[in-house]
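Worksheet: one structure, shown below.
All chains are named by letter (A, B, ...) in the order of the sequence lines, taking the proteins before the strands, and each is independently numbered beginning at 1.
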Amino acid sequence: MSTKDIFGQFLKPNSIFKNRETLRSTYMPEELPHREKEIEQLASVLVAALRGETPSNIFIYGKTGTGKTCVTKFVGNQLIKTGKSLNKPVEFIYINCQVVDTQYRVLTHITNQFIKKWDERVPFTGWPTDEVYSKLMECIDRFGGAVTIVLDEIDKLVMKSGDDLLYNLSRINSDLKVAKASIIGISNDLRFTELLDPRVKSSLGEEEMIFPSYNADEIKDILEKRAALAFKEDVIAPGVLSLISALAAQEHGDARRALDLLRVAAESAERDGGTRVEESHVYEALERIESDRISEVLRTLPTQSKLVLISAIKGEELKGGSLTTGEAYEVYKQMCNISGYPVLTERRVTELISELDMLGIIEARVVSFGKYGRTKEIKVGSQRGEVIASLSREPSILELLDMKGKQKKLDAL
DNA sequence: AATCCACAGGAAGCCCGGGAAC
DNA sequence: GTTCCCGGGCTTCCTGTGGATT
């Protein structure tokens, strides 16, 4: 290549964006349309913090993309702001329990939020949990104000490590001498409270809020407001926003997904060098989002999970249909022997299969063949091609997929 | 109605690598 | 050093179960 300006060619032309960031899920808009009621309700509970009282604990439910996180953070920001202007000590701590996913980690995370103000820290491992808890109490009391702790995706944590953390946090106020604390739990699974100890349930569920899904009109409205911030004039072809809202409404009214679709569609329009986002770009985006998701998941998949996945693909191919757990395990064992990886137990492999199912890479559902047992029916779903393409980027894996003449062994099945 | 298959999936505990405190 | 913690991956052992077959 000559001295051509390689970046310039991408920088200069016809960017259709005015501000791309406004379409990202991290962006916090100044207003949240169709969530006024929820904001008000949440604020009416949390205002107690500004009066020096203890706000009630709250459970928030709603499907993904219904604005739970957004509304909570929004109100939290306002709370801090107002607290500052009134000179009231309030603290608002947000934790995503899918990322911070054990009792110990949540406690250290919260503690470190306070502690960093006075230059210490709790190590990420090493201390007994109750010591972290005591330290947390000490820190909150030293802070002395009202603390609101948000546990987002709380169902993930409870499913993984039980409700010990929630039990401890629910009696937090009786351990505090001067400060006050309240908990906001956010979940998209309505049934998860069934897993909780009744005491925890009643203590944390003092207030309950349910976020309804957006309908297509509301999503369209949200999109229009964001699009006005994100794009230059007349960039969106007519019908595009309606199409996206309709697609998102099909998926239980997921606003985040709608915004993603719009952003990715616009990006592919931009790449084409076009000046308008057309409906075709939306369909392109639909596929692109899915395939990006899959390759991202596969990239970070542990080797054993990959082996199980390949076994499912290969087994399906050999059998010409869906597999049972037992069949998949047989293929998996062969696969390990061939490639020299250690063979895990069937118990572990069923767990890996379930994980792959939850990641949406394969479909595994429990079926009963009556007298002939009860097992899981395993299918490498509609994204089969995408999965294989993604896996094939790794040479060592490619070898396994080809299975170079080793079918003989597998034919024995 | 009872049986019984082929697993599902819970519980406990091991081992390892991280670290703290003494 | 030793001894204590926590978490992740894993095994061992186990009880539970939907529904075709008996």
Could you tell me the separation between the [atom1] atom of [X] and the [atom2] atom of [N], rounded to a whole number of Å?
X	N	atom1	atom2	result
Glu327(A)	dA6(B)	CD	P	11 Å
Met159(A)	dG9(B)	CE	P	12 Å
Ile378(A)	dA8(B)	CD1	C1'	12 Å
Glu131(A)	dG19(B)	CD	P	18 Å
Lys376(A)	dA8(B)	NZ	P	6 Å
Tyr332(A)	dC7(B)	OH	C1'	18 Å
Lys160(A)	dG10(B)	NZ	P	15 Å
Tyr104(A)	dG18(B)	OH	P	16 Å

Comparing Lys371(A) and Arg374(A) on DNA chain C - which has the more 5′ nearest nucleotide: Arg374(A)

Which one, [options], comes nearest to the side chain of [X]?
X	options	value
Gln304(A)	dC10(C), dG18(C), dC6(C)	dC10(C)
Leu344(A)	dA8(B), dG19(B), dC10(C)	dC10(C)
Arg105(A)	dG8(C), dG19(B), dC7(B)	dG8(C)
Trp127(A)	dC7(B), dA20(B), dC6(C)	dA20(B)

Closer than 4.0 angstrom, basic N to acidic O: yes or no for [X] and [Y]?
X	Y	answer
Glu206(A)	Lys201(A)	no
Glu327(A)	Lys319(A)	yes
Glu270(A)	Arg20(A)	yes
Glu296(A)	Arg299(A)	yes
Arg105(A)	Asp101(A)	yes
Asp260(A)	Arg257(A)	no

task: Assess whether one donor atom and one acceptor atom, taken from the side chain of Thr125(A) and the base of dG18(B), lie less than 3.5 Å apart.
output: yes

- request: Taking the side chain as every heavy atom from C-beta outward, state whether Ile58(A) and Glu208(A) have any atom pair closer than 4.5 Å.
  value: no

query: Which residues, if any, of residues 345-361 of chain A bring a heavy atom under 4.0 Å of DNA chain C?
result: Thr345(A), Arg347(A), Arg348(A)

query: Which dot-bracket notation, 5' to 3', represents the base pairing of DNA chain C when pairs are defined as Watson-Crick or G-U with both distances under 3.5 Å, crossing pairs as [ ], and inter-strand pairs as |?
result: ||||||||||||||||||||||

- prompt: Is the gap between the ring centers of Tyr61(A) and Phe211(A) under 6.0 Å?
  reply: no

field: Closest contact, heavy atoms only, Ser245(A) versus Leu223(A)
entry: OG-CD1, 3.9 Å

